[in-house]
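Written out below as structure tokens is the structure these notes cover.
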Amino acid sequence: MNEVLKVIRERRSTRMFKSEQIKDEQLKEILDAGIYAPSATNKQPWHFTVIQNKEMIDLLSNGFKELAKKSDNEYIKKFGENKNFHVFYNAPTVILISGDESNQMAVVDCAAATENMLLAAESLGIGSCWVGFVAYLLNSEEGKEYLKKLGIPEGYKQIHSVALGYKKVNITNAPARRENIVNYIK
Ligand SMILES: Cc1cc2nc3c(=O)[nH]c(=O)nc-3n(C[C@H](O)[C@H](O)[C@H](O)COP(=O)(O)O)c2cc1C
């Protein structure tokens with residue numbers, strides 16, 4: 001198996017991070033991998049916000065939890081009520097991926113950038129988790145105040161996010177993948 005295929009196979013969602021910060025050069029490589037993702041008609045409809053400030057990361061996690069507690073959705077509510085739950089699993093770095101609201105392919109293009117960043121992180125020995133939950137806060141009425149604080153450009157909305165940091169434990173067993181999902185026509 002070549003290195004790229006190995007990284008794809010070995011990447012796992014990391015949910016336990018060391019508090020030690022990742023290196024600036026590593027962060028740059030990860031962001032570059034995101035920037036080099038494909039995008040429909042090369043519009044690159046994304047904006048990245050890197051947060052390495054624990055107070056801000058905790059503020060977002062607590063903001064999500066407060067909102068989740070009031071949700072009618074039992075699945076979401078459960079996370080809000082769980083004292084031990086942290087939206088970013090206490091990762092030292094978070095990247096928010098925001099998308100141009102006027103671009104119909106923004107969710108797809110931002111997903112391509114997000115996956116590139118997860119794979120780049122894995123190739124550098126850095127743990128990552130794709131986190132969708134924070135969009136629940138940032139795209140809500142309450143979220144507007146956070147978007148301002150974060151300096152998200154006007155006309156961009158929260159789409160995906162990535163939690164990054166060195167892994168506390170190395171997860172080797174992948175959650176089971178569905179079978180019989182390929183049709184061949186030859
Ligand atoms: C769009 C999207 C949103 C996700 N949001 C979350 C999230 O909010 N929290 C979380 O812990 N994992 C989240 N995940 C990670 C998935 O749970 C994980 O990828 C899946 O269980 C497969 O495990 P693996 O990443 O180790 O292969 C998300 C993944 C995707 C693609």
Side-chain angles (χ1 to χ4, degrees), residues 1 4-18 30 33-34 37-40 45-49 51 56-71 73-99 103-140 142-143 146 150 156-179 181-182:
M1 204 183 284
V4 174
L5 296 176
K6 208 162 162 282
V7 164
I8 290 171
R9 279 294 187 91
E10 290 180 357
R11 179 211 58 80
R12 292 277 69 75
S13 292
T14 294
R15 297 186 176 91
M16 283 174 83
F17 295 95
K18 292 185 182 168
I30 293 168
S39 64
W46 44 58
H47 179 84
F48 305 108
T49 306
I51 315 174
M56 180 56 90
I57 293 173
D58 290 348
L59 193 75
L60 288 173
S61 179
N62 292 332
F64 164 80
K65 289 177 74 176
E66 283 310 309
L67 199 60
K69 274 184 205 165
K70 295 184 243 161
S71 175
N73 179 322
E74 282 306 314
Y75 178 75
I76 302 240
K77 195 170 175 178
K78 200 178 69 184
F79 287 100
E81 288 170 346
N82 181 348
K83 283 197 179 64
N84 298 322
F85 179 69
H86 189 287
V87 172
F88 301 109
Y89 306 99
N90 296 299
T93 294
V94 168
I95 303 175
L96 301 178
I97 299 104
S98 315
N103 186 309
Q104 287 190 343
M105 299 306 279
V107 173
V108 178
D109 294 343
C110 287
T114 303
E115 177 66 0
N116 265 16
M117 291 196 279
L118 300 188
L119 295 177
E122 177 64 29
S123 78
L124 296 167
I126 292 169
S128 66
C129 188
W130 186 321
V131 174
F133 267 159
V134 72
Y136 183 76
L137 169 69
L138 293 178
N139 294 330
S140 70
E142 288 86 340
Y146 292 83
L150 291 161
Y156 280 74
K157 67 181 234 176
Q158 173 58 27
I159 311 231
H160 311 291
S161 75
V162 177
L164 292 170
Y166 297 119
K167 303 170 191 176
K168 228 179 204 173
V169 283
N170 202 19
I171 302 160
T172 49
N173 53 331
R177 263 41 186 178
R178 289 170 53 219
E179 290 176 10
I181 41 83
V182 182

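Order of listing sets the numbers, starting from 1, for every ligand and every atom in it. Note: hydrogens, waters and symmetry copies are ignored here, and every other heavy atom, side chains too, is used.
Of the protein's non-hydrogen atoms, Ser13 N, 2.8 Å is the one closest to atom 26 (O) of ligand 1. For atom 9 (N) of ligand 1, the nearest protein heavy atom (residue, atom name, distance) is Tyr89 OH, 3.7 Å. Among all non-hydrogen protein atoms, the one lying nearest atom 5 (N) of ligand 1 is Gly132 N, 3.0 Å. What sits closest to atom 4 (C) of ligand 1 on the protein, heavy atoms only, is Trp130 O, 3.5 Å. The single protein non-hydrogen atom nearest to atom 17 (O) of ligand 1 is Arg15 NH2, 3.1 Å, given as residue, atom name and distance.
Ligand 1 has no nitrogen or oxygen under 3.5 angstrom from a nitrogen or oxygen of Val131.
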Side chain to side chain contact (heavy atoms under 4.5 Å, CB included), that's the test. Do Leu164 and Met117 meet it? Break it down for me. CA-CA 10 Å; Leu164 292 170; Met117 291 196 279; over 6 Å; no

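Side-chain atoms of Ser71 do not come within 3.5 Å of backbone N or O of Lys77 as any donor-acceptor pair. Side chain of Ser123 to backbone of Ala120: a donor-acceptor contact under 3.5 angstrom is found. Remark: the backbone N or O of Pro92 is not paired with any side-chain donor or acceptor of Lys18 at under 3.5 angstrom. Judged purely by atom type and a 3.5 angstrom limit, His160 uses its side chain to pair as donor or acceptor with the backbone of Val107.
Distance check for atom 1 (C) of ligand 1: a protein heavy atom is found below 4.0 Å.
Note on ligand 1: Glu115 sits outside its first shell, no heavy atom being nearer than 4.0 Å. The closest approach between any non-hydrogen atom of Cys129 and ligand 1 is below 4.0 Å.
A salt bridge does not link Arg9 with Glu122: every distance from a Lys NZ or Arg NE/NH1/NH2 to an Asp or Glu carboxylate oxygen is 4.0 Å or more.
Residue Glu10 does not touch ligand 1, judged by heavy-atom distances below 4.0 Å. Of the heavy atoms in Pro175, only side-chain atoms (C-beta onward) come closer than 4.0 Å to ligand 1.
Residue Asn170 holds its CG atom at 10.5 Å from CZ of Arg12, rounded to the nearest 0.5 Å. Met56 contributes atom CE, which lies 10.0 Å from atom OG1 of Thr49 (distance to the nearest 0.5 angstrom).
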